[in-house]
Amino acid sequence: QVQLIQSGGGLVQAGGSLRLSCAASGGTYSRYAMGWFRQAPGKEREFVAAISWSGAWTYYADSVKGRFTISRDNALNTVYLQMNSLKPEDTAVYYCAADIDTAVRRDTSLGGYDYWGQGTQVTVSS
């Protein structure tokens, strides 16, 4: 059983930056793709970014491309989401997720992710 524990987030003014962390523990799986998703009030959960096990491949939603950076430190079993130039429309609960069946996810679907973090609130004020 893999557990994903998120940290970071909070309240920031538009144009500011935040970094989210997602630490994995437990389980015997050593190679898995990771993703970040978000859900705004009244909206469906949507894809934000994904990263392969090696970190060599990353993919972003168009809405965050050029502003957000996903990265991982496998020695620490941690994935990060650096969020710069934040906008009020980035306000949402952010979730990390792990797909233990593959080292690379080349899609934006929520399906197939086996484990999810607890979610962390990001609020961007105008």
**Asked** Going by the disulfide bond (SG atoms under 2.5 Å apart) test, which pairs reach into residues 33-89, not counting sequence neighbours?
**Response** none
**Greater than 12 external heavy atoms within 6.0 Å of Lys65's NZ** = yes
**Request:** For the pair Thr58 (side chain) and Ile51 (backbone), establish whether a donor and an acceptor sit closer than 3.5 Å, ignoring hydrogens and angles.
**Result:** no
**Asked** Do Val2 and Asp114 come within less than 4.5 Å of each other through their side chains, counting heavy atoms only?
**Response** no
**Asked** Does Ser52 offer a backbone N or O that forms a donor-acceptor pair with the side chain of Arg72 under 3.5 Å?
**Response** yes
**Request:** Report the distance from atom CZ of Phe47 to atom CH2 of Trp36, rounding to the nearest 0.5 Å.
**Result:** 12.5 Å
**Asked** Should Val93 and Tyr115 be regarded as members of a common hydrophobic cluster, given that ILVMFWY residues are connected when their side-chain heavy atoms come within less than 4.5 Å of each other, either directly or indirectly?
**Response** no
**Atom pair CG/CD of Leu20 and Gln82 - distance to nearest 0.5 Å** = 9.0 Å
**Distance in Å, Met34 CE paired with Thr78 OG1, rounded so as to fall on 0.5 Å steps** = 9.0 Å
**Item:** Straight-line distance of Gln3 CD to Gln1 CD, nearest 0.5 Å
**Value:** 7.0 Å
**Request:** For the residue pair Phe37 and Tyr113, categorise the inter-ring angle as parallel (less than 30°), tilted (30 to 60°) or perpendicular (more than 60°).
**Result:** perpendicular
**Asked** Considering residues at least two apart in sequence or located in another chain, which fulfil the side-chain hydrogen bond (donor to acceptor under 3.5 Å, both in side chains) criterion with Glu89?
**Response** none
**Request:** Please examine the side chains of Met83 and Arg67, heavy atoms only from C-beta on, and report whether any two atoms are closer than 4.5 Å.
**Result:** no
**Request:** Please list all pairs passing the disulfide bond (SG atoms under 2.5 Å apart) test where one or both residues lie in residues 70-126, with sequence neighbours left out.
**Result:** Cys22-Cys96
**Request:** Would you please name every residue forming a side-chain hydrogen bond (donor to acceptor under 3.5 Å, both in side chains) with Asp101, sequence neighbours left out?
**Result:** none
**Asked** Taking side chain as C-beta onward, heavy atoms only, is Arg105 less than 4.5 Å from Tyr59?
**Response** no
**Prompt:** For Leu76, which fellow cluster members are found when Ile, Leu, Val, Met, Phe, Trp and Tyr are connected by side-chain heavy-atom distances below 4.5 angstrom, either directly or through intermediates?
**Reply:** Tyr80
**Request:** Consider only side-chain heavy atoms of I, L, V, M, F, W and Y, link residues closer than 4.5 Å, and tell whether Tyr60 and Val104 are in one cluster.
**Result:** no
**Nearest atoms (heavy-atom pairs only) where Ala14 meets Ser126** = CB-CA, 4.4 Å
**Complete:** Taking every heavy atom of Ile100 against every heavy atom of Tyr32, the minimum-distance pair comes out as CA-CB, 3.5 Å
**Item:** Parallel, tilted or perpendicular: rings of Trp116 and Tyr95 (30°, 60°)
**Value:** perpendicular
**Asked** What closest approach, in Å, do Gln118 and Leu4 show between heavy atoms, and which atom pair accounts for it?
**Response** OE1-O, 3.6 Å
**Asked** Which heavy atom of Gln39 sits nearest a heavy atom of Lys43, and at what distance?
**Response** NE2-O, 3.1 Å
**Prompt:** Can you tell me if Arg31 uses its side chain to pair, donor with acceptor, with the backbone of Trp53 under 3.5 Å?
**Reply:** no
**Prompt:** What distance do Arg45 atom CZ and Arg38 atom CZ have between them, rounded to the nearest 0.5 Å?
**Reply:** 13.0 Å
**Request:** Test salt bridge (charged side-chain N to carboxylate O under 4.0 Å, His left out) on Lys87 and Asp90 and set out the steps.
**Result:** CA-CA 5 Å; Lys87 305 175 181 180; Asp90 294 318; over 6 Å; no
**Request:** Look up atom OG1 in Thr120 and atom CD1 in Ile5, then write down how far apart they are to the nearest 0.5 Å.
**Result:** 11.5 Å
**Request:** Scan for side chain to side chain donor-acceptor pair (under 3.5 Å) pairs involving residues 5-20, sequence neighbours excluded, and state none if there are none.
**Result:** Ser17-Asn84
